[in-house]
Amino acid sequence: MSRTAILSTLVDPLIRQNPVTLQILGICSALAVTTSVATALVMSASLTVVIVMAALMISLIRHHIPNAIRLIIQIIIIASLVIVIDQCLQAYLPDISRKLSVFVSLITTNCLVLGRTESFSRLNPPLPAMLDALGNGLGYSLVLIVIGAIRELFGAGSLLGYQVLTTVDQGGSFTPLNLMLLAPSAFFLLGGLVWAIRTVVPEQTEELEHTPPEMEANRE
Amino acid sequence: MNDLFSLFLRAAFVENMPLTFFLGLCTFIALSRRSVSAIGLGVAMIVVLGVTVPLNHLIFITLLAPGAWAWAGLPGLDLSYLSLIAFIGVIAAMVQLLEMVLERFFPAIHAAFGVFLPILTVQCAILGGSLFMVERNYDLAQSAAFGLGAGTGFAVAVVMLGAIRERLAYADLPRGLRGLGITFTLAGMMALGFSAFAQMVAP
């Protein structure tokens, strides 16, 4: 594998082929944990570790997996890795683990992990599989951290727990936007992020999903 | 009985799976292009959630909960860390079983939502339902009400989103917003609307 190929496997999923904003993979957990940068960071790190390890394991046993039961095998491998991560978090970062509640366990059913193992790791040798997984994990992390930073900055005036904007309560001039900490804002921000990326990278735009009935009639 | 009904309403509207907990968003977004497929997905969700949550509750209580093996002389045994693998196995088996039963006895229904059944194994909302059941210590009846309610809430939300997306045929959207971008914005507005339900059921 040449150096440029390695680089592009790693860099492509960051923006150009971003798993979250382009392929709609893994958003299930992406939005729930982004109320602060710290939870977003822990979640991203957990997912990246799981996806890289899963890619390595599945790629190593790829010639021995019977085709009919490959999904079950992949899910069991991923679930075991997630249990390990979950137990580590509960032991070393109990506060954050409580905030993330069920969402770490839900990495098991994260479409991103299963999507990469199913479409790439299963068919490729370990090294490229791990690079691809790492790239996708980082692409996912990038989206999470951007959204987490925006929500924490405008919702609480802080970043990673440090007060950046002094709020009115503390004698400053910034009124926290409570909406930023609620569910709808995560949808709006991700929608806006998708729009921004697609304005910069126009080849990602989709065609209209439906055409009005009268236009279809005219076309015929 | 009243409590169960209020739990059902709470799971369906106040704690709507896709709109307040962001669970099952992948299928929520990907399969809501047309309201017909959204209805199929919604029905499948109600059935699978309604069956798997009580079933996982039984398995958790009898086999995995701390102290569940006290009768065998192992009161200190705590297998709850295995719940994730057990739940996903149960869900995968249930989905497979449901598909076989439907195919054998109700071919018409199977044809209607057969394509959605296999992907439900890896649906976050279904695994999430079972995990929430453990976290909140529901009993068997409560798990059933919670499972059915969560499924109904998902069905309502996905059918509404599908219908709205069909109406978008008449909207002249900026190019970058087409497809995914506008769908997220719509889901955000629906989440705003659903947050009004928070006042509906007394805690």
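Proteins get letters first, then strands, A, B, ... in listed order; numbering begins at 1 in each.
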In short, Gly188(B) meets Pro184(A) closest at the heavy-atom pair O-CB, 3.5 Å

Using non-hydrogen atoms and a 4.5 Å limit, figure out which bit of Ala186(A) sits close to chain B: side chain, backbone, both or neither.
side chain

Measuring only between side-chain heavy atoms, which start at C-beta, is Leu180(B) closer than 4.5 Å to Leu190(A)?
no

Below 4.5 Å from any heavy atom of chain A, which atoms of Leu19(B) appear? Answer side chain, backbone, both or neither.
both

Is it the backbone or the side chain of Leu192(B) that comes under 4.5 Å from a heavy atom of chain A, or both, or neither?
both

As an exercise: rank Gly193(B), Pro174(B), Ser195(B), Gly24(B) by heavy-atom pairs under 4.5 Å with chain A and give me the winner.
Pro174(B)

Would you give the length of the straight line joining atom CD1 of Ile88(B) to atom CD1 of Ile76(A), rounded to the nearest 0.5 angstrom?
8.0 Å

Under 6.0 Å between the ring centres of Phe22(B) and Phe103(A)?
no

Let's go through Ile85(B) and Thr108(A) carefully: what are the C-alpha distance in whole Å and the side-chain angles of both, what is the deciding distance for side-chain contact (heavy atoms from CB on, under 4.5 Å) to 0.1 Å, and is it a yes or a no?
CA-CA 9 Å; Ile85(B) 285 194; Thr108(A) 318; over 6 Å; no

Against chain B, label Ile72(A) side chain, backbone, both or neither, depending on which of its atoms sit under 4.5 Å from a heavy atom there.
side chain

Euclidean distance, Phe132(B) CZ relative to Leu106(A) CG, rounded to 0.5 Å
7.5 Å

I need the residue from Thr185(B), Thr27(B), Leu177(B), Ile29(B) with the largest number of non-hydrogen atom pairs under 4.5 Å to chain A.
Leu177(B)

What part of Leu179(A) gets closer than 4.5 Å to chain B, counting heavy atoms only: side chain, backbone, both or neither?
side chain

If you tally heavy-atom pairs under 4.5 Å against chain A, which of Gly128(B), Cys124(B), Ala125(B), Gly89(B) wins?
Cys124(B)

Among Leu114(A), Val200(A), Ile83(A), Leu193(A), which residue has the highest count of heavy-atom pairs closer than 4.5 Å to chain B?
Ile83(A)

If you count the non-hydrogen atoms of other residues, nucleotides and ligands that lie under 6.0 Å from CZ in Phe188(A), is the total more than 12?
yes

Side chain, backbone, both or neither: which part of Met189(B) has a non-hydrogen atom closer than 4.5 Å to chain A?
both

Heavy atoms of Arg178(B) and Arg198(A) approach each other most closely as O-NH1, 3.6 Å

Using non-hydrogen atoms only, which part of Ala92(B) is less than 4.5 Å away from chain A: side chain, backbone, both, or neither?
side chain

How close do Phe187(A) and Pro18(B) get, counting heavy atoms only, and between which atoms?
CZ-O, 3.5 Å

